[in-house]
There are 2 protein chains.
Amino acid sequence: MLLSKSCIYGIRAAVYLALNRNGKYVPVREISENLDISFHFLTKICRKLSSGGIIKSIKGAQGGLKFERDPENISIMEIVIAIDGNNRFSECLLGLPDCGILKPCPLHDDWFDAIESIKEKFNDITVNRIAEEVRTGNVRITEINNPDF
Amino acid sequence: MLLSKSCIYGIRAAVYLALNRNGKYVPVREISENLDISFHFLTKICRKLSSGGIIKSIKGAQGGLKFERDPENISIMEIVIAIDGNNRFSECLLGLPDCGILKPCPLHDDWFDAIESIKEKFNDITVNRIAEEVRTGNVRITEINNPDF
DNA sequence: TTTAAATAAGACAAAGTTGTCTTATTTAAA
DNA sequence: TTTAAATAAGACAACTTTGTCTTATTTAAA
């Protein structure tokens, strides 16, 4: 798995949040139920998105989550970094330290190319763009083939 | 991490084995010491390579490991499959089941392209080719910048 | 002001992966 | 035939990730 499960959940939750355009704060409970993700686990993940400056949260009744910035300008990469940290994509495929700097591992160049193309895509694709695709029914973010998400 | 640590160790061990061209059986102990991999952990991994038909092992004095077939014809992919199983490369990036069959996840196409190119490379690159690169000193398979491997 | 709805924080459990150790078995060589 | 060198097998420990639960705190609305 290139991405951790936490990261996957975070991406799906962000897309869900972007689907909700009425300006209200969305409770984690609602997200967890609709996406079938463990509530408490998801709250922890969302705290990372909060401290990463991607979403903001408000406690209490009518509280919940909202984007800190326009999700039009939030890339998938930002979410990955907020949750899995900055070096998910800079690790050597064979786990060798300083692979790029010292003598490289045998798969360095091939892996570098592949990971660069993934990184480019993750930087380009915004949360909003994915939400739009979900809206038009082209893709899904739930495990079951749910007509809504 | 795209590959498990077991898988990484397996690849490195296979390359080490390919470096040893004198026809003798190589003890796991020697591999583990030279590559700085836990001996018992490595024996387990090598058992997977054995049951996967990649190497053969002989017990007792002068025993050890040897390739079952010419490492000229053993691809990295075969090693990955023997250790991490067959669907390491067919998992959905967002963990959705049947992503390719049912309505896909939002990153399906992008991920599919990237993973295809990695798969092609893994299928093309042989254990021997890597061993040759290690011999000529272009790449390394150890954590420290060891002049030998 | 009280209550219900919400996040925050962190302890804890479960599961998976990684790593260690012990015992049994096999084999070549002394 | 005995011994030392090797793998086989699997129990078990440590660590990491994932998931559950409880308590505290905050906030809007009744």
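Chain letters run A, B, ... following the sequence lines, proteins first and then strands; every chain starts at 1. Just so you know, these numbers come straight off a predicted model, no measurement behind them.
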> In this structure, would A:I54 and A:L35 fall into the same cluster of hydrophobic residues linked by side-chain contacts under 4.5 Å?
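Same cluster.
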
> Under the rule for salt bridge (charged side-chain N to carboxylate O under 4.0 Å, His left out), what residues qualify as partners of A:R135, not counting sequence neighbours?
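For A:R135 the salt bridge (charged side-chain N to carboxylate O under 4.0 Å, His left out) partners, ignoring immediate neighbours, are A:E132.
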
> With the 4.5 Å side-chain cut-off for hydrophobic clustering, are B:L96 and A:F41 part of the same group?
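Linked within one cluster.
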
> Considering the terminal five base pairs at each end of the helix from C:dT1-D:dA30 to C:dA30-D:dT1, what angle separates the two local helix axes, rounded to 10°?
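Answer for the end axes of this duplex: 10°.
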
> I need the NZ-P distance between A:K5 and D:dT20, as an integer number of Å.
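In whole Å, D:dT20 P lies 10 Å from A:K5 NZ.
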
> Of the residues in residues 38-47 of chain B, which ones touch DNA chain C at a heavy-atom distance under 4.0 Å?
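Per residue number, the list reads B:S38, B:H40, B:F41, B:K44.
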
> I'd like to check the ring-ring contact (aromatic ring centres under 6.0 Å, His included) partners of B:F39; sequence neighbours left out, ordered by chain and number.
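Checked B:F39 against ring-ring contact (aromatic ring centres under 6.0 Å, His included); zero matches.
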
> According to a 4.5 Å side-chain heavy-atom criterion applied to Ile, Leu, Val, Met, Phe, Trp and Tyr, with indirect links allowed, do B:I81 and B:L49 form part of one hydrophobic cluster?
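Looking at the clustering, B:L49 is in the same group as B:I81.
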
> Taking only nitrogen or oxygen atoms into account, show me every contact under 3.5 Å that the protein makes with nucleotides 2-5 of chain C, one pair per line with its distance.
residue, atom, partner, partner atom, Å
C:dA5, N3, A:A61, N, 3.3

> Between D:dA6 atom P and B:K56 atom NZ, what is the distance in whole Å?
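Distance check: B:K56 NZ to D:dA6 P gives 18 Å.
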
> Can you sort out the partners of A:R47 under salt bridge (charged side-chain N to carboxylate O under 4.0 Å, His left out), two or more places apart, ordered by chain and number?
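For A:R47, no residue satisfies salt bridge (charged side-chain N to carboxylate O under 4.0 Å, His left out) once neighbours in sequence are set aside.
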
> What residues form a salt bridge (charged side-chain N to carboxylate O under 4.0 Å, His left out) with B:D110, not counting sequence neighbours?
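Listed in chain order: nothing, the list is empty.
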
> For A:S50, which contact category applies under a 4.0 Å heavy-atom criterion: base, sugar-phosphate, or nothing?
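It contacts nothing in the nucleic acid.
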
> Just how far, in rounded Å, is C1' of C:dT20 from OH of B:Y9?
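For the pair B:Y9 OH and C:dT20 C1', the rounded distance is 13 Å.
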
> Which whole-number value in Å describes the distance from B:K24 NZ to C:dA29 P?
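That distance rounds to 11 Å.
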
> Take atom CD1 of B:I55 and atom C1' of D:dT7, then tell me their distance rounded to the nearest Å.
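Result: 11 Å.
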
> Taking ring-ring contact (aromatic ring centres under 6.0 Å, His included) as the test, write out the residues that go with A:F122, two or more places apart.
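If we apply the ring-ring contact (aromatic ring centres under 6.0 Å, His included) test to A:F122, skipping adjacent residues, the hits are A:F89.
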
> Mind calculating the distance between CG (A:L49) and P (C:dT7) to the nearest angstrom?
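It is 13 Å, rounded to the nearest whole Å.
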
> What residues, two or more places apart in sequence or in another chain, satisfy salt bridge (charged side-chain N to carboxylate O under 4.0 Å, His left out) together with B:E116?
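So B:E116 forms a salt bridge (charged side-chain N to carboxylate O under 4.0 Å, His left out) with B:K119.
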
> Is it the case that one hydrophobic cluster holds both B:L2 and A:I118, taking links as side-chain heavy atoms less than 4.5 Å apart, direct or via other members?
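B:L2 clusters together with A:I118.
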
> Round to the nearest Å and state the distance from B:K48 atom NZ to D:dA8 atom C1'.
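Whole-Å distance recorded here is 15 Å.
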
> Quick one: side chain to side chain donor-acceptor pair (under 3.5 Å) pairs with a partner in residues 90-107 of chain B, sequence neighbours left out?
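Checked against side chain to side chain donor-acceptor pair (under 3.5 Å) - neighbours excluded - no pair reaches residues 90-107 of chain B.
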
> Any donor-acceptor pair under 3.5 Å linking the side-chain atoms of B:T136 with those of B:N138?
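Side chains of B:N138 and B:T136: pair found under 3.5 Å.
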
> Take atom CE of B:M1 and atom C1' of D:dT17, then tell me their distance rounded to the nearest Å.
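Atom CE in B:M1 sits about 12 Å away from atom C1' in D:dT17.
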
> I'd like to know if B:R69 and B:E78 make a salt bridge, using a cut-off of under 4.0 Å between side-chain N and carboxylate O.
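Salt bridge flag = yes for B:E78 with B:R69.
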
> Counting only non-hydrogen atoms, which of residues 77-88 of chain A are less than 4.0 Å from DNA chain D?
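Those residues whose heavy atoms fall under 4.0 Å from DNA chain D, taken from residues 77-88 of chain A, amount to none.
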
> On DNA chain D, nearest-nucleotide positions of B:G64 versus A:S6: which is more 5'?
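The residue closer to the strand's 5' end, by nearest nucleotide, is B:G64.
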
> Return all side-chain donor-acceptor pairs below 3.5 angstrom for residues 141-149 of chain A, not counting sequence neighbours, or 'none' if the list is empty.
residue, atom, partner, partner atom, Å
A:T142, OG1, A:I144, O, 2.9
A:T142, OG1, A:F149, O, 3.1
A:N146, OD1, A:D148, N, 2.7

